[in-house]
Amino acid sequence: MSRLAPGVIDVPRERLGEAVGVLARAFAADPLMDYLSGGQERPRGAVMRDFFRFSCEVNLQLGWLLLGLVLRTRLAAVACISRPDAAEWPEALTEMYRALARSVGKEAAGRIERYAALVDSHLPRQPMFYVSAIGVRPESHGRSYGRLLEEVHARASAHPRTVDVGLDTENPNNVPLYKSLGYHVAAEVVLDDLRVWCMFRPNEAEREVGQG
C-alpha cells in the first residue's frame with residue numbers, strides 16, 4: 001500500500017518495546033492515565049508500560065493496525081487502531097489481560113473495565129476504524145499527529161466497509177486539534193471524575209453524501 005503520509009510504517013514486533021515507550025511518554029501527564037492508575041501502589045510508569053504493552057499486543061495479535069511515524073530512525077508517534085474485520089480473540093490475549101489485571105491491582109483493573117465499557121457504549125453500529133491510542137514523543141510535537149492520522153484516514157477510506165474513524169480523548173486541549181482534522185464531538189460524558197470526549201470523522205465518501 002502506498003503511503004500518503006511520509007514516514008508512516010506498520011510497526012513490526014521487533015519494535016514493540018520502542019512503541020510502548022513512545023505511548024508511555026506521550027501519556028505521562030494525560031488525565032486518562034491519572035484515572036486508570038488511581039489507587040495503584042506500583043510506580044506509575046510501570047503501570048503505563050504494562051497497559052500500553054497489552055494494547056499494542058492486541059493490535060498485533062488480532063491483525064489490526066499498529067502504526068508508527070518514523071523521524072530519522074526513531075519512532076516519533078504511535079497509534080493503535082482497530083478495524084471492523086472479524087478477528088478471533090486468542091487465548092494468549094486472555095492470559096495477557098489476566099496478567100495485566102494482576103499487575104495493576106483490583107481497583108485499577110476495575111477502572112480499565114469501566115472505561116472500556118463507557119467508550120464501547122458510545123461507538124456507532126456502523127463499521128469503523130477506531131483509534132484506541134495515539135501518542136507523540138514530547139520532543140516531536142507539531143505535525144506528527146496530523147501525519148499519522150492522515151494515514152489512518154486514507155486506510156479507512158480505502159476499506160470497503162468502513163464509513164468513519166472514531167477516537168476519544170480525555171485531554172480538553174486535544175479537542176480543537178481533532179476538530180481541525182475533521183472530527184466532531186458525538187458525546188461528552190463523565191466517568192467518576194474523568195471527562196471523556198467521543199469524536200468521529202466520516203470518510204470522504206460519507207462526507208460528500210452528507211454535504212450533497
What I'd like to find out is whether the side chain of [X] reaches to under 4.5 Å of the side chain of [Y], using heavy atoms alone.
X      : Y      : answer
Val70  : Arg15  : yes
Lys179 : Val185 : yes
Leu23  : Cys80  : yes
Pro12  : Leu66  : no
Phe51  : Ser55  : yes
Met48  : Leu36  : no
Tyr178 : Val131 : no
Ile9   : Leu67  : no

Looking only at heavy atoms, which two atoms of [X] and [Y] are closest? And how far apart?
X      : Y      : answer
Ala19  : Val11  : CB-CG1, 4.2 Å
Asp164 : Pro202 : CB-CA, 3.6 Å
Arg161 : Pro127 : O-CB, 3.5 Å
Thr162 : Pro84  : OG1-CG, 3.4 Å
Gly182 : Arg201 : O-CG, 3.5 Å
Gly63  : Arg83  : O-NH2, 2.7 Å

Check whether any side-chain N or O of [X] sits under 3.5 Å from a backbone N or O of [Y] as a donor-acceptor pair, and report yes or no.
X      : Y      : answer
Glu18  : Leu75  : yes
Asn59  : Ile81  : yes
His159 : Arg155 : no
Ser180 : Leu177 : yes
Arg13  : Leu60  : no

Can you tell me how far [atom2] of [Y] sits from [atom1] of [X], rounded to the nearest 0.5 angstrom?
X      : Y      : atom1 : atom2 : result
Trp197 : His122 : CH2   : NE2   : 13.5 Å
Leu118 : Leu194 : CG    : CG    : 8.5 Å
Leu148 : Ile134 : CG    : CD1   : 4.5 Å
Leu32  : Asp168 : CG    : CG    : 7.5 Å
Tyr130 : Phe200 : OH    : CZ    : 5.5 Å
Tyr35  : Asp30  : OH    : CG    : 14.0 Å

Considering only NZ, NE, NH1 and NH2 on the basic side and carboxylate oxygens on the acidic side, decide whether [X] and [Y] come within less than 4.0 Å.
X      : Y      : value
Arg98  : Glu91  : yes
Glu107 : Arg111 : yes
Asp192 : Arg114 : yes

- request: I would like to know whether Val175 and Met199 meet side-chain contact (heavy atoms from CB on, under 4.5 Å); could you show each step before the answer?
  value: CA-CA 9 Å; Val175 175; Met199 306 185 71; 4.2 Å; yes
message: Tell me if the aromatic rings of Phe52 and Phe27 count as close, with their centers under 6.0 Å from one another.
response: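 Judged by ring-centre distance (under 6.0 Å), Phe52 and Phe27 do meet the cut-off.
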query: Got a sec: does the CD of Glu88 have more than 12 other heavy atoms crowding it under 6.0 Å?
result: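 No, CD of Glu88 has 12 or fewer neighbouring heavy atoms, counting only those of other groups under 6.0 Å.
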